[in-house]
Structure formats: C-alpha cells, structure tokens
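All values derive from a computational prediction rather than experimental measurement. The figures here come from the full heavy-atom set of this structure, side chains too, leaving out hydrogens, waters and symmetry mates. Every chain is numbered from 1 and lettered A, B, ... according to where its sequence line falls, protein lines coming before strand lines.
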Protein chains: 2
Amino acid sequence: MSGRISDSTVRRLSLYLRMLRDLERAGVEFVSSSQLAEPSGATSAQVRKDLSHFGSFGKRGRGYSVDGLVRALEEILGLSRSWRLALVGVGKIGSALLGYGGLAARGFDVVAAFDVDEAKIGTRAHGLRIRPMRELRPAIAECGAEIGVVATPTEVAAEVAAELERAGVGAILNFAPIELSEVNGVPIRTVDIVLELEGLSYLMSEAGRRTGSDG
Amino acid sequence: MSGRISDSTVRRLSLYLRMLRDLERAGVEFVSSSQLAEPSGATSAQVRKDLSHFGSFGKRGRGYSVDGLVRALEEILGLSRSWRLALVGVGKIGSALLGYGGLAARGFDVVAAFDVDEAKIGTRAHGLRIRPMRELRPAIAECGAEIGVVATPTEVAAEVAAELERAGVGAILNFAPIELSEVNGVPIRTVDIVLELEGLSYLMSEAGRRTGSDG
DNA sequence: CCGCCCTTGTGAAAGGTTTCACAAACCAAG
DNA sequence: CTTGGTTTGTGAAACCTTTCACAAGGGCGG
Ligand SMILES: NC(=O)c1ccc[n+]([C@@H]2O[C@H](COP(=O)([O-])OP(=O)(O)OC[C@H]3O[C@@H](n4cnc5c(N)ncnc54)[C@H](O)[C@@H]3O)[C@@H](O)[C@H]2O)c1
Ligand SMILES: NC(=O)c1ccc[n+]([C@@H]2O[C@H](COP(=O)([O-])OP(=O)(O)OC[C@H]3O[C@@H](n4cnc5c(N)ncnc54)[C@H](O)[C@@H]3O)[C@@H](O)[C@H]2O)c1
C-alpha cells in the first residue's frame with residue numbers, strides 16, 4: 001500500500017470523485033469499479049488498482065459505498081478542506097478566473113489579487129481589492145493563502161513565481177506558456193493552452209500524412 | 001523510425017521548438033541535445049530519442065543546426081502552416097481567449113465566434129462578430145476552421161462538441177471540466193483547471209502527511 | 001447453514017517510456 | 001592524412017504503468 005503515486009493516478013482519482021458526487025446527488029448508494037471507470041475512460045481494474053494504493057474501500061460482491069468513497073477520496077486528495085488562492089496579474093485571464101464560480105464551488109477561494117498596473121491597483125474586481133505587488137509578501141502571510149496563481153505576462157512569470165514562493169505559498173498554478181522549475185519542493189502546474197493546441201496540430205497533421213500518402 | 005508517438009514526446013517537441021526559436025532569434029547556429037534538454041527538464045538522451053523517431057537531424061560532434069531543426073519540428077508538429085479556430089461560448093474564458101495575442105502569434109487564428117446569448121449575438125468582440133449557433137455549421141464549412149474551441153457552461157459542452165464535430169472540425173479544445181469522449185477520430189484536449197488545482201491539493205496534503213506524522 | 005453469483009483486491013504478465021552506455025561520425029588542428 | 005575531442009543515434013537495460021486473471025470474501029435466497 002501507498003508508495004509514490006503517479007500523476008495519472010491522482011488525475012483519475014479526481015475524476016472518480018467527480019462522478020461519485022454526481023451519484024451521491026442522485027441518491028445512488030453503491031457503485032462498482034466498472035461503473036466508476038466509464039466516464040474517465042479507464043478500466044475497472046485500473047479503478048481498483050488506483051484505490052488499492054490507499055486502502056481497501058469496497059465490499060466484495062457489492063462494490064463501493066458512494067458516501068464512503070466520496071469521504072475517502074476527499075481525504076486522500078486533500079479536498080475535505082478549502083484552499084486559499086492568491087492571484088497575481090489581473091488581466092484577461094486573471095479576471096476570468098476571479099469571475100469563475102467553479103473555483104469557489106469546489107473549495108478553491110481566491111482571497112487576494114495583485115497587479116503592477118497603477119490604474120488597476122485599488123479598484124475592485126469581483127469583490128476583491130486589487131493590491132500592489134509590494135503588499136504581496138505581508139498579505140499572503142496574513143491571509144494564509146496556500147496556492148499562488150501566476151497570470152502575468154510570460155516575461156515576468158518566473159520572477160513572480162519566485163516571489164510567491166518566498167511569500168510562503170505551498171504550490172503554484174501557472175498560466176504563462178513557460179516551463180517554471182520547481183524549487184524548494186513547491187510543486188508547480190502549468191496550464192499551457194498553446195501546448196495543447198500544438199498537440200492537436202500534430203495529431204491532425206499526422207492523420208493527414210497517414211491518409212494523404214500511400215497508407 | 002516513426003511508429004506511434006507518445007503524447008509526452010509530442011509535448012516535449014513543442015518545448016524544444018520554443019527554445020529553438022529563442023536561440024534562432026538570438027542568432028545561435030548550433031545547439032547540442034543537452035542544451036536543448038535543460039529548459040524542459042528532460043535529459044539529453046531523451047531529446048535525441050524523441051528526435052530519432054522522426055529522422056536524423058544532427059551532426060555528430062557538432063549538435064543540431066538551429067534553423068534546420070526549427071524547420072523540421074515545425075513540419076513534424078504541423079506548425080509550418082496556420083490553423084483556424086472556431087470559438088463557441090463568448091463568456092469570461094472565451095473573451096479572454098479572443099483578446100489573447102499569444103494565439104495568433106503562434107499561428108492559431110480565431111476566425112469565428114458563436115454564442116446563444118441574444119444580447120451578445122451581432123456585437124463585436126475583439127473585431128469578430130459574434131454569431132448565433134444556427135450559423136455554426138455553414139460558417140465553419142465556409143471559413144474552413146480546423147479546430148473547435150468549447151468555452152460554454154459544462155452542461156452543454158458535450159452537445160456543443162458533438163455539433164462542432166458534425167460541422168467538420170478536425171480537433172477540439174475544451175475548457176469545460178468534463179471528460180469528452182472522442183468520436184470519429186476527432187481528437188479532444190481538455191484544459192481542466194480544477195483538476196490541476198486538485199493535483200496540487202493532493203501534493204500539498206501528501207507533503208503535510210509526510211512531515212506531520214512520524215516520517 | 002449452504003450454495004450460488006457477484007465484485008473486490010492483488011500478484012504476475014504485458015506493454016510502454018526513460019535512462020544508460022557506447023560505437024559511429026564529424027570537425028579541427030597539426 | 002591522422003589524431004583527439006566532442007556529440008549524435010540507438011540497442012539494451014531499467015523503470016514505471018496498465019492489463020490480466022483469479023482466489024478470497026460478501027450477500028442473498030432457500
Ligand atoms: N488571455 C488568455 O486567454 C490567455 C490564454 C492562455 C495563456 N495566457 C497567458 O496568461 C498570461 C496573462 O495573459 P493575459 O492575456 O491575461 O494578459 P494581460 O496583459 O491581459 O494581463 C496581464 C496582467 O499582469 C499584470 N502584470 C504585468 N507585470 C506584472 C508583474 N510584474 N507583477 C504583477 N502583475 C503584472 C498586468 O498589469 C496585467 O494586468 C500570459 O502569460 C499569457 O500568455 C493568456
Ligand atoms: N472563467 C474561467 O476562468 C474558467 C476557468 C476554467 C474553466 N472554465 C470553464 O469554461 C466554461 C465557460 O466558463 P465561463 O466562465 O467563460 O462562463 P460564462 O458563463 O462566462 O460564459 C459561457 C458562455 O457560453 C454561452 N453559452 C451558453 N450555452 C451555450 C450553448 N448551448 N451554445 C453556445 N454558447 C452557449 C453563454 O451565453 C456565455 O456567453 C465553463 O465550462 C467553465 O467551467 C471557466
């Protein structure tokens with residue numbers, strides 16, 4: 001049980017949890033590994049293996065208790081609490097995030113927002129006062145934000161990430177298309193839209209090459 | 001040479017290309033696999049293996065010609081052309097995308113935008129007229145968009161994706177937090193911010209558990 | 001209590017990706 | 001032309017993830 005868990009396992013656990021919450025809302029009491037597998041495109045064996053890293057949650061012959069597994073997965077993923085986010089860069093993507101109800105609904109609350117633009121500092125965006133960068137360190141210490149969000153231009157993203165880390169966040173979500181290197185064990189996830197589009201570009205070109213010539 | 005190429009390889013090729021373009025701009029002529037590896041956190045062997053799936057691009061003893069490899073990777077990834085995107089859902093995230101210069105700069109042009117909101121239809125966002133959904137099929141046929149972008153509420157995302165597919169797009173980029181299943185070989189990439197945050201939540205909780213108890 | 005059906009949990013096998021390590025190739029200098 | 005220093009391209013090994021397949025356990029009807 002429980003050694004190092006792969007990213008793909010954790011990803012799938014989140015997807016299982018999503019489905020379980022839907023089932024819970026629908027009043028379903030038990031679910032089997034194969035039902036759980038379907039929406040994420042996994043196999044039933046994979047579901048069972050993923051869960052087995054953390055313990056034994058099912059009843060043989062019956063499946064898993066929906067309520068029980070929801071609680072267990074929330075515990076495993078750290079979602080039985082809520083997390084506070086500090087946003088840096090209230091531009092196009094930063095504003096979209098501030099207005100996104102889907103975050104708070106899942107326990108991720110943006111509690112502070114920062115920018116360098118004098119025209120924005122002091123104004124309110126979705127109920128949150130935009131603060132100057134100079135307040136970043138004390139404000140994060142004060143409000144206890146655990147996750148920093150980088151939504152600044154690419155050129156300053158690395159510096160902003162380093163500053164967030166110094167301010168004491170435990171993890172960083174980055175929207176700039178640049179690979180930020182983790183230091184001090186603070187994990188960083190980058191949402192890189194251009195990379196996704198280039199992946200699609202590859203697949204479409206590949207399909208064209210296969211169909212187009214010979215094949 | 002060239003069988004089925006893994007997603008992670010394609011991902012890294014994009015990152016190599018990014019660095020190569022920087023080097024090109026800086027006037028560098030040759031680059032070694034180890035220099036190329038650094039920014040993406042790969043190893044030099046990995047760089048060479050990744051490239052070897054597609055051919056032999058380097059000169060032993062010298063490294064890779066920056067210009068030559070840029071051309072080769074653009075060809076492989078399908079980036080020696082530009083791609084047309086059709087956006088469905090001009091809300092918070094859709095508007096952010098429309099205003100994002102980083103897409104056009106890398107050869108991804110949003111050429112059509114659609115919504116169901118009567119108040120938005122007919123108005124212009126970043127120079128593009130917002131069209132009613134009823135025009136989706138003919139408009140995509142006419143302008144020849146290859147990639148559909150789903151930026152609608154989650155509840156309608158699957159239906160919108162299906163409609164885009166019927167309209168003839170070759171790939172879909174989805175921002176709704178839902179796993180859409182590929183049909184007809186049209187690849188789908190989902191950008192799921194909540195999933196990324198939950199991954200970070202897991203890592204932070206895990207770190208806490210390791211530090212907190214015993215360890 | 002027994003026997004049947006169902007589903008889990010899990011070693012073992014298969015499949016895939018990354019790293020290792022070295023011969024082959026190239027350049028420059030003498 | 002030969003030698004030495006450097007870096008590629010690539011099989012083989014190591015490592016990691018997924019799938020297979022089945023014994024073990026649980027519920028239920030009789
Ligand atoms: N807009 C999008 O849809 C989109 C999509 C994908 C990725 N991105 C990436 O997200 C990042 C932000 O993009 P955007 O479109 O929101 O840009 P934007 O220009 O609209 O916003 C950037 C904000 O960051 C602020 N800023 C600049 N330097 C700063 C600093 N040193 N410290 C703090 N704040 C600073 C600016 O004042 C501005 O408010 C970019 O890296 C971009 O590549 C954007
Ligand atoms: N806002 C964010 O920062 C953010 C972040 C991550 C994910 N998302 C996801 O992106 C999606 C859009 O989010 P948003 O915040 O932009 O929402 P939004 O409500 O601001 O925008 C949604 C848009 O879609 C349009 N729409 C609704 N039904 C439609 C249909 N059937 N066909 C075409 N258009 C339709 C609406 O009129 C609206 O303009 C959601 O699935 C959300 O979960 C948003």
Taking NZ from Lys49(B) and C1' from dA14(D), how many angstroms apart are they, rounded to a whole number? 13 Å

If the threshold is 4.0 Å, N to carboxylate O, is there a salt bridge linking Arg21(A) and Glu24(A)? no

Within the 4.5 Å heavy-atom criterion, are Val150(B) and Leu173(B) side-chain neighbours or not? no

For dT19(D), does OP1 or OP2 lie under 4.0 Å from any side-chain N or O of Gln46(A)? yes

Glu38(B) atom CD, neighbour heavy-atom count above 12 within 6.0 Å: no

Would you check if Leu85(A) and Leu97(A) make a side-chain contact, meaning some heavy-atom pair closer than 4.5 Å? no

Output yes when at least one side-chain N/O atom of Ser33(B) is less than 4.0 Å from OP1 or OP2 of dT7(D), else no. no

Which residue lies more 5' along DNA chain D, comparing Thr9(A) with Gly61(B) via nearest heavy atoms: Gly61(B)

Identify whether any heavy atom of Arg12(A) sits under 4.0 Å from a base atom; if not, whether one sits that close to sugar-phosphate; answer base, sugar-phosphate or nothing. sugar-phosphate

Measure CG/Asp7(A) against C1'/dC16(D) and give the value in whole Å, please. 13 Å

Regarding Ser44(A), tell me which of base, sugar-phosphate or nothing describes its non-hydrogen contacts under 4.0 Å with the strands shown. nothing

Boundaries of the chain B footprint along DNA chain C (any atom under 4.0 Å from a heavy atom): dT17(C) to dC27(C)

Scan Glu29(B), Arg48(B), Gln35(B) and name whichever one has a side chain to side chain contact (heavy atoms under 4.5 Å, CB included) with Tyr64(B). Arg48(B)

What I want to find out is whether Glu75(B) reaches Arg81(B) closely enough, with some N-O distance under 4.0 Å, to be called a salt bridge. no

Would the distance check show the side chain of Asn174(B) and the main-chain N or O of Ile178(B) forming a donor-acceptor pair, the cut-off being under 3.5 Å? yes

Can you tell me how far C1' of dG4(D) sits from CZ of Arg60(B), to the nearest Å? 17 Å

For atom CG of Leu36(B) and atom P of dT7(D), their distance in whole Å: 13 Å

Ignoring hydrogens and geometry beyond distance, is the side chain of Arg48(B) in donor-acceptor contact with the base of dG9(D) at under 3.5 Å? yes

Rounding to a whole Å, what distance do you find between Lys59(A):NZ and dC28(D):P? 11 Å

